[in-house]
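What follows is one structure encoded as structure tokens, with my remarks underneath.
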Amino acid sequence: MIVSPGTVVSVEYTLRLDEEDEVYESNVGDAPLVYTHGAHEIIPGLEDGLDGMVVGQTKRVTVSPADGYGDRLDEGMIEVSRSKIPAEALEVGTKLEATTPDGKTVFPRIADIKENTVVLDLNHPLAGKTLYFEVTVLDIQPGSVT
């Protein structure tokens, strides 16, 4: 069986932000990432890179920002009143959880703290970055894209 649309795939991966840089994230030795191929459950560049692989195969997949988490957008930076942020969270880098007016949950990070305002970054932390994955297919099962 090969990784193809509709198959349920289990993979082990290591993600680096530079080809030889330190590991950013890895599930090696932990629970595998399980997804349905073709169902858009993972970033497009990684899904494309896994297409056609077989169980036991290992591959390096480079994902451009366009096929990963997109570019960093200036519109993703917003400034809010400092009084809207809990005092204990007022530190650059703190990850927050908020709800937009339309009810969507977002996870901004504090990018800057000014005298009366706080700059929040709503961009994904990996936006604008080229991603370097080393992936191994652990299992492939029949499934279907819904």
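If you're wondering where the values come from, they're calculated on a predicted model, not measured in any experiment.
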I need the [X] [atom1] to [Y] [atom2] distance, nearest 0.5 Å.
| X | Y | atom1 | atom2 | value |
| --- | --- | --- | --- | --- |
| Gln57 | Leu138 | CD | CG | 12.5 Å |
| Glu75 | Leu122 | CD | CG | 11.0 Å |
| Gln141 | Asp139 | CD | CG | 4.5 Å |

To which residues is [X] joined in a hydrophobic cluster, defined by side-chain heavy-atom contacts under 4.5 Å among Ile, Leu, Val, Met, Phe, Trp and Tyr, whether direct or through other members?
| X | value |
| --- | --- |
| Val23 | none |
| Met77 | Val119 |
| Ile2 | Val54 |

- [ ] Sequence neighbours left out, what passes side chain to side chain donor-acceptor pair (under 3.5 Å) with Glu41? Give chain and number order.
- [x]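 With sequence neighbours excluded, Glu41 shows a side chain to side chain donor-acceptor pair (under 3.5 Å) to no residue whatsoever.
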Check: [Y] and [X] side chains under 4.5 Å, non-hydrogen atoms:
| X | Y | result |
| --- | --- | --- |
| Met53 | Lys59 | yes |
| Val8 | Ile140 | no |
| Thr36 | Thr7 | no |
| Pro32 | Glu12 | no |
| Val135 | Leu33 | no |
| Thr117 | Val80 | no |
| Glu22 | Arg16 | no |
| Ile113 | Arg82 | yes |

Listed partners of [X] passing salt bridge (Lys or Arg N to Asp or Glu O under 4.0 Å), at least two apart:
| X | result |
| --- | --- |
| Arg60 | Glu134 |
| Asp121 | Arg72, Arg109 |
| Glu25 | none |

Open item on the list: If the condition is ring pair (Phe, Tyr, Trp, His ring centres under 6.0 Å), which residues does His124 pass it with, not counting sequence neighbours?
Closed with: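 Listed in chain order: Tyr69.
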Open item on the list: If the condition is ring pair (Phe, Tyr, Trp, His ring centres under 6.0 Å), which residues does Tyr132 pass it with, not counting sequence neighbours?
Closed with: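 Ring pair (Phe, Tyr, Trp, His ring centres under 6.0 Å) list for Tyr132, sorted by chain: empty.
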Task: Where at least one partner belongs to residues 75-122, residue pairs that pass ring pair (Phe, Tyr, Trp, His ring centres under 6.0 Å), sequence neighbours excluded - done: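 Counting only pairs at least two positions apart or across chains, no ring pair (Phe, Tyr, Trp, His ring centres under 6.0 Å) contact touches residues 75-122.
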Task: Pairs satisfying ring pair (Phe, Tyr, Trp, His ring centres under 6.0 Å), at least one member in residues 6-25, at least two apart - done: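 Checked against ring pair (Phe, Tyr, Trp, His ring centres under 6.0 Å) - neighbours excluded - no pair reaches residues 6-25.
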So, for [X] and [Y], which heavy atoms are closest and what is the spacing to 0.1 Å?
| X | Y | result |
| --- | --- | --- |
| Ser26 | Thr14 | OG-OG1, 3.2 Å |
| Leu120 | Pro108 | CB-CB, 4.0 Å |
| Thr130 | Pro65 | OG1-CD, 3.7 Å |

Side-chain donor-acceptor contacts of residues 84-96 below 3.5 Å, not counting sequence neighbours, with atom names and distances?
residue: Thr94; atom: OG1; partner: Ala89; partner atom: O; Å: 3.2
residue: Thr94; atom: OG1; partner: Glu91; partner atom: O; Å: 2.9

Open item on the list: Is there a continuous path of hydrophobic side-chain contacts, each under 4.5 Å between heavy atoms, that joins Ile42 to Val34?
Closed with: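 Unlinked, Ile42 and Val34 end up in two clusters.
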Task: Hphob cluster co-occupancy, Val11 + Val55, side-chain heavy atoms under 4.5 angstrom - done: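 Looking at the clustering, Val55 is in the same group as Val11.
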Could you tell me whether the side chain of [X] and the main chain of [Y] form a donor-acceptor pair under 3.5 Å?
| X | Y | answer |
| --- | --- | --- |
| Asn123 | Ala127 | no |
| Thr99 | Gly103 | no |
| Glu97 | Val106 | no |

Open item on the list: Is it true that, when you exclude Asp74 itself, more than 12 heavy atoms of the residues, nucleotides or ligands shown sit nearer than 6.0 Å to its CG?
Closed with: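 12 or below, so no.
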- [ ] Applying side chain to side chain contact (heavy atoms under 4.5 Å, CB included), run through Leu131 and Leu17 and close with a yes or a no.
- [x] CA-CA 5 Å; Leu131 309 174; Leu17 302 182; 3.7 Å; yes
- [ ] For the pair Val9 and Leu50, evaluate side chain to side chain contact (heavy atoms under 4.5 Å, CB included) and give the outcome as yes or no after the intermediate values.
- [x] CA-CA 9 Å; Val9 183; Leu50 288 162; 5.5 Å; no
